[in-house]
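Because the structure is a prediction, the values reported are computed rather than measured. Labels below follow one simple rule: chain letters A, B, ... track the order of the sequence lines, proteins then strands, and each chain is numbered from 1.
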Amino acid sequence: MSVAVLARATVVARSAPMEGAVELVVLDPAAANIAQPGQFFQMGVEAPHTLLPRPYSVAAVDPDRGRLGFLFSVVGAGSAWLSSLEPGDRVRLIGPLGRGFTPSPGAAPICVGGGLGIAPLVALSAWLVAAGRRPVVLQGAREAARLLPADRFPGARILTATDDSSAGWPGSVVGLLETVAAREQEWFVCGPTPMLQAVIGLADALGLPRQRIQIALETPMGCGVGTCLGCVTPAAAGGYLLACQDGPCVRADRVDWSRVEDAFHG
Amino acid sequence: MSVAVLARATVVARSAPMEGAVELVVLDPAAANIAQPGQFFQMGVEAPHTLLPRPYSVAAVDPDRGRLGFLFSVVGAGSAWLSSLEPGDRVRLIGPLGRGFTPSPGAAPICVGGGLGIAPLVALSAWLVAAGRRPVVLQGAREAARLLPADRFPGARILTATDDSSAGWPGSVVGLLETVAAREQEWFVCGPTPMLQAVIGLADALGLPRQRIQIALETPMGCGVGTCLGCVTPAAAGGYLLACQDGPCVRADRVDWSRVEDAFHG
Amino acid sequence: MADLDCTVDLGRGLRLRTPVLTASGTFAYGFDAPLVDRGALGAIVTKGTTLRPRSGNSPARIAETPSGMLNAIGLQNPGVDAVRREYAPRWAAWDLPVIVNVAGDRLEDYVEVVRRLDGVPGVSGIELNVSCPNVAAGMQFGVDARLAAQLTAAVRAATSLHLMVKLTPNVTELVPIARAVADAGADSVSAVNTYVGMAIDLRRRRPVLANEVGGLSGPAIKPLALHAVWEVVPAVSIPVVGMGGISGPQDALEFLLAGAAAVQLGTVNYVNPNAAREVLDGIRGYALERGWSDLRPFPLRASPVPSHA
Amino acid sequence: MADLDCTVDLGRGLRLRTPVLTASGTFAYGFDAPLVDRGALGAIVTKGTTLRPRSGNSPARIAETPSGMLNAIGLQNPGVDAVRREYAPRWAAWDLPVIVNVAGDRLEDYVEVVRRLDGVPGVSGIELNVSCPNVAAGMQFGVDARLAAQLTAAVRAATSLHLMVKLTPNVTELVPIARAVADAGADSVSAVNTYVGMAIDLRRRRPVLANEVGGLSGPAIKPLALHAVWEVVPAVSIPVVGMGGISGPQDALEFLLAGAAAVQLGTVNYVNPNAAREVLDGIRGYALERGWSDLRPFPLRASPVPSHA
Ligand SMILES: Cc1cc2nc3c(=O)[nH]c(=O)nc-3n(C[C@H](O)[C@H](O)[C@H](O)COP(=O)(O)OP(=O)(O)OC[C@H]3O[C@@H](n4cnc5c(N)ncnc54)[C@H](O)[C@@H]3O)c2cc1C
Ligand SMILES: Cc1cc2nc3c(=O)[nH]c(=O)nc-3n(C[C@H](O)[C@H](O)[C@H](O)COP(=O)(O)OP(=O)(O)OC[C@H]3O[C@@H](n4cnc5c(N)ncnc54)[C@H](O)[C@@H]3O)c2cc1C
Ligand SMILES: Cc1cc2nc3c(=O)[nH]c(=O)nc-3n(C[C@H](O)[C@H](O)[C@H](O)COP(=O)(O)O)c2cc1C
Ligand SMILES: Cc1cc2nc3c(=O)[nH]c(=O)nc-3n(C[C@H](O)[C@H](O)[C@H](O)COP(=O)(O)O)c2cc1C
Ligand code: FES
Ligand code: FES
C-alpha cells in the first residue's frame, strides 16, 4: 500500500485500439517503476458535477520509458472526460493501488477477459512472457471489432470468442474456456459478474480448485486505499473483502459467490 | 428578449490580445445577425462543480461572417474553462440577451472602460464608427500591458490611462475622463463599481445630466432572461432593476447610486 | 412507434398533458423564457405571489455553490392583484395550465391571496408555499405539522381550485407534515423547496448574500430531494410532485421511479432552456422501451390505497 | 516571514497543533492513507467504533452524486476491544492525537465503549456519533435535544477524555440540540454529519444502495454545513469543529470565518490526498496576509461568553 504515489501525469498518447475502447498512455515514472499487473490507479476526472476519482487497471507498464497504459470504455461522465485527454494534457493519478495478480510458478497460466476486462490481462500477459512463460489469453467480446488485436499480446497464445460469432469461438468466452480448460491450469479472470460466476461454475464442474483462480474485482470505489470501506465483496470467511486493499485481484476461494450478486454496480 | 437563440457555437479563434485577457471568437450566425453592442450572452461552462452559465458582453459582432467576439479575464473556474477552449471546440451560448447601448444622435459619444469593462465598448465603438460617428474611447488599466491595443478601435479616438503610469494618463480613467469631459457629451461606461461611482460623481460635479450616461451593469446572474430575479440593482424609482432585462445597459439616472454598494458581487 | 399517454391527473380537475412542470421562482409568470419549449410542459408554476407587492431582498441575492446555487430573492413579486389583473387574462388564452405559487407571513394573508385567485380565468391551481426560507417567519407553517394542516385547511376552504402544498425539506421528519396537509385537504403535495444554506465571501469577510442565508437548489440537492419524495410517496394517498436538482431525463426518471406523479424543473431552466423537452423525451423513451402505454408503471413501489378517493 | 501559531485548544487537554482534522469514516484508523501529510494534521478522527465488531451493510455501499457521494457503510468496524488492543498502542507512539468516533444503538453501549477507551494510552478524545443515519434507530439520539443531552451526560460521566459531540444536520432546528449537548457536558461539538439522501438505478429499477438510503457528503453539502456551523457557533460557548464538503483552502476558510475552531476533512481525502496540506497552507496564507499571529481573529462574529469557563 504505502508505495503508491500521487502524480500529475502527462498524457503521451491516446488511441482507439478497438471499437468502444480508448487507450491512454501516460508518463508517470515513479509509478511505472513499481506497478504490477492487476493493480489499479485512481484517475482524477475534471468533468462537470463529478467528484470521485475513477479506478482503472493498469494495462501496460513500461518502467524503462516511465509509462503506464490504460484501456477503457466510455460509460459515463468520468470516462468521457478521460477519453477527451490529448497528448500534453495532465491527469491526476494515485497509484499503483491494491494487490495485483500473483501467478504461481508451476501451473499453466490462462488469462480470461470479457469485454474491457481484458485490460489488466494485457499487462499480465506481457509480464508472464517477460518471465519466460507462455500464457494462453482468451478474449471475449460482443463482436470482432471490439477485440483487442492479437499483436497486443506478443509471445502469448491468443484465442477469441464473440457473442455474434463474427470472430473466433461463437459465443461466450466461458464456452471457449471450457474447450481448453484443464486441471493443471491457473486462471486469471476479469469481466462482468455473470461471466465470473460462469467461470466459477465451470471450475467447480471441472474440479479445478477455486484457489487456482484469481479474479480482478470491480466494485464502486471511494478512496481506493482502504479508508472508506465502500468497495466490499462478500468474503467466504464471512464479512467482506475490500476490493482496493484485499484486491482487486483475489483468489476465487476467498469470495462468497452465493452472496456476490449485489456486489457489483456496473 | 424573444429573439435570443440557443446555440452550440464553434470556437473559431482564441487569442490573448493583452495581458490578463482572453479573446474568444465563435461562430453563431443567428445571434451574430441580431446582437447589439452592450447585449450579453450566457455561456455554458463545463468546469468541475460549476453550474450556472457565465454572462459575457459581446465585444465584437460580425454578422457577415456569423461571428461573435468575447473578451474576458480569468477570475474563477468558469472563465478558466472558457479560456481553455480551442478552435473547433463547442460552447453553449444563449443570447443575445438584455438591452444594449442606445446612443442618441446628437451628443458626442465618449466610451469609458475600466479593466475588462472595455469589452462591450469595443463593440460599441465599432458600431458608432460604422454609423458614421467618431467616438472617443477612454481605456483604463492597471498597467500598459493590460491595455487593448489601439488598433482594436479603428476610426475611434483612443486615449488611455494606467494606474502605474506605464502608459497614457497617469492614474484612473476617471481622471482622464475629467480632462475631456464636456456637457454636450454622452457617456457609455463599464467597469468596477467604484469607478462607476466616480464617474457619476464627476458628471454631477460637471452638470452632465445622469440620463446622458449609460452604464453596462455587472451583477451575479442566474437565468439571464428575467425569471430568477437574482440580478438586481437598486432603482432610483424604488425597488430594483433587473440587469438582465432592464439592462445590462441602463441610463445612470435609473439607478439609485446611494444604495448601490451591495449590488455588485465581483 | 406507439406513443405514450403522458397525461397526469393530479385531481380536482387539474389534468396535465405531460408530467413536466416548471418550478416556482424559476419561470417568473411564464412570459420571460421564450427558449423553453412549452409543448413539453404540463403546467407552469409561477413565482411566489403575496397579498401586497414586495420588492424583495437587497443584492447579492444569488451565489453559485458546487453543483448548486443559493438564492435569497425574498419573494419579489407584484402582488396578487397585479397577477390576476395583468397576467391571468393572458394565461387564459394559453392551452397550458398555470399554477400560482402563493406565499405569505400570516394565515389570513394566504387565505386572502387564494380567495382573490379563486375562479379567476387563467388560474388552474394553487401551490401553497409554506416553506419559503427567505422571509422572516416564512418557515413557521412548513416545519410544524399542526400549523401546516391549519393553513392548508384554511386555504382549502377559500378555493375550489386544485391545491398543491409545497413541502420544505428543512425538517426532522417530513412524513407527518405531508400526512397532515393531505388530511387537511391538499389535492397534491410538491416536494421539495430549497435547503437552507450559506456562503461566505473571503475577501469581504461577510456572507455573500445580503440576506446571509439562502435556499440551495440545483443538482447538489438531488439525492436529498429524491429521498424526500421516496419517503413521502408511500405515506400519502394524494399525488406527489417531485423536484429538487433535476438536471436532465435521468434525474426526472429517478423521481418518477420513486413514485412522483410529475416533476418540476427549477434551476435547470437557467442552465439549459431545452431541459423540459429533453426530460419529456427521456421519459417517453424509457417508457416506450419497456412497452408501457402510460405513466402508471413507473413507481417502484405500490401506492397506498387512497384514503379519500 | 513570521509564522502563524496554528494551535487550537479544544478544551479538557485536547490541544491541536493545527486546525485541520480528518473526519470519521474517511481515514479509517489512521493506518491506510500514506499519501496524506500527517504534519498538516491536528488530529485524526477514527471510523465509528461500536461495542462489538460489525460487518456493515451489503454492497453497493457508495454512489456518486453531483459534486457529492452517498454512503451507507453501516458502521463496519472491528469493535472497541480490537481498537484498544491493536490500534491504540500504535497511536500512543505518534505525536498526533487520535479521537475515537463512537457509535451505538443503545445508551448503555455508547457508555460501555467510552468506558473501555477511557485512560487507554493513544486515545486522546471521543467524538460521539449521535447521528449515524445508516443503522436502524441510529438517528434517535441526534434528532432529539433531550435524548442527545441524556446520552452526552451518560458518556460524560464515563470518561475524563475530551468529549466532542457530532451533530446530525437532519433536523428542523440544530441550535436546541447543540445547546443541550453543551449543557450536558460536551467539551466541543462537531458539525455536521451527512445528509440523508438516495439514488435510484434506472436500469435495475431499484435504489443504488443496498441500504436504499445513505448519507450525502462532499462539496454538494458545503453551503448547508456552513450554515449549520454559522447557526451553532453563536449559540454555544464551547468550540465548534466544522465540516461538510470542504474541498480545499477556500472552503475551510469559510468555516473558520463562520466561527469554527477547527475543521475536519472527509470526502476530499478520497479525491486529493494533499488536501490537508493545502488547507493548512491556505489558512496560513490568509492569516499572514492579514498580519495575524494566531487563529483568534478568524470568526466574523464575536463569540458568546463561555458559560462554564
Ligand atoms: C479496480 C478497478 C479496475 C478497473 N479497471 C478498468 C479498466 O481497466 N478499464 C475499464 O474500462 N474499466 C475499468 N474499471 C471500471 C471503471 O472504473 C468504470 O467504468 C468507471 O469508473 C466509470 O466511470 P464513469 O464516470 O465513466 O461512469 P459513471 O457511471 O458516470 O460513474 C459513476 C460512478 O460509478 C462508478 N462506476 C461506474 N461504473 C463502475 C464500474 N464498472 N466499476 C466501478 N465503479 C464504477 C464510477 O467510478 C463513479 O464513481 C475498473 C474498476 C475497478 C474497481
Ligand atoms: C452582463 C455582464 C457582462 C459581462 N461581461 C464581461 C466581459 O465582457 N468580460 C469579462 O471579463 N467579464 C464580464 N462579466 C463578468 C463575468 O461574468 C465574470 O467574470 C464571470 O462570470 C466569472 O466567472 P468565473 O467562473 O470565472 O468566476 P467565479 O468567481 O468562480 O464565479 C462564481 C459565480 O459568480 C459569478 N460571478 C463572478 N464574478 C462575477 C462578476 N464580476 N459579475 C457577475 N457575476 C460574477 C459567476 O458568474 C458565477 O456564477 C460580465 C458580467 C455581466 C453580468
Ligand atoms: C431563484 C429561485 C427562486 C425561487 N422562488 C421560489 C418561490 O417563490 N416559491 C417557491 O415555492 N419556491 C421557489 N423556489 C424553489 C424552487 O421552486 C424549487 O423548489 C427549488 O429550486 C428546487 O428545485 P431545483 O433544484 O430544480 O431548482 C425558487 C428557487 C430559485 C432557484
Ligand atoms: C464513507 C464515509 C463513512 C463515514 N463514516 C462515518 C462514521 O463512521 N462516523 C461518523 O461520525 N461520520 C462518518 N462519516 C461522515 C463524515 O465524518 C463527515 O461528517 C461527512 O462526510 C461530511 O464531511 P465531508 O463532506 O467532508 O465528507 C462518514 C463519511 C463517509 C463519506
Ligand atoms: S475504495 Fe475505499 S475502502 Fe476500498
Ligand atoms: S439573471 Fe435572472 S432575472 Fe436577471
Can you find a pair of side-chain heavy atoms, one from T227(B) and one from K47(C), that are under 4.5 Å apart? no

With chain B, the option among G218(C), G25(C), G56(C), A28(C) that has the most non-hydrogen atom pairs under 4.5 Å is A28(C)

Side chain proximity check, E64(C) to R54(B), heavy atoms < 4.5 angstrom: yes

Less than 4.5 Å apart, side chain to side chain, heavy atoms only: is that true for T219(B) and P59(C)? no

Heavy-atom side-chain proximity of V232(B) to Q76(C) below 4.5 angstrom: yes

To the closest 0.5 Å, what do you measure between CG (L229(B)) and CD1 (I62(C))? 10.0 Å

Within the supplied structure, the quantity of interest is the number of heavy atoms (other residues, nucleotides, ligands) at a distance under 6.0 Å from R142(B) CZ; does it exceed 12? no

Atom pair OH/CG of Y240(B) and N57(C) - distance to nearest 0.5 Å: 7.5 Å

Is S67(C) in contact with chain B via its backbone, its side chain, both, or neither, using a 4.5 Å heavy-atom distance? both

If you draw a 6.0 Å radius around CD in E19(B), do more than 12 non-hydrogen atoms from other residues or ligands fall strictly inside? yes

Looking only at non-hydrogen atoms, find the nearest pair between P219(C) and L51(B) and report the distance. CD-CD1, 3.6 Å

Report, as yes or no, whether the 6.0 Å neighbourhood of atom CZ on R52(C) holds more than 12 heavy atoms from other residues, nucleotides or ligands. no

Contact class of T65(C) relative to chain B, heavy atoms under 4.5 angstrom: backbone

Donor-acceptor pair, distance only, cut-off 3.5 Å: does the side chain of R92(B) make one with the backbone of V271(C)? yes

When you compare the side chain of N71(C) with that of C228(B), does any pair of heavy atoms fall below 4.5 Å? no

Residue N269(C) versus chain B: region with a heavy atom under 4.5 Å: neither

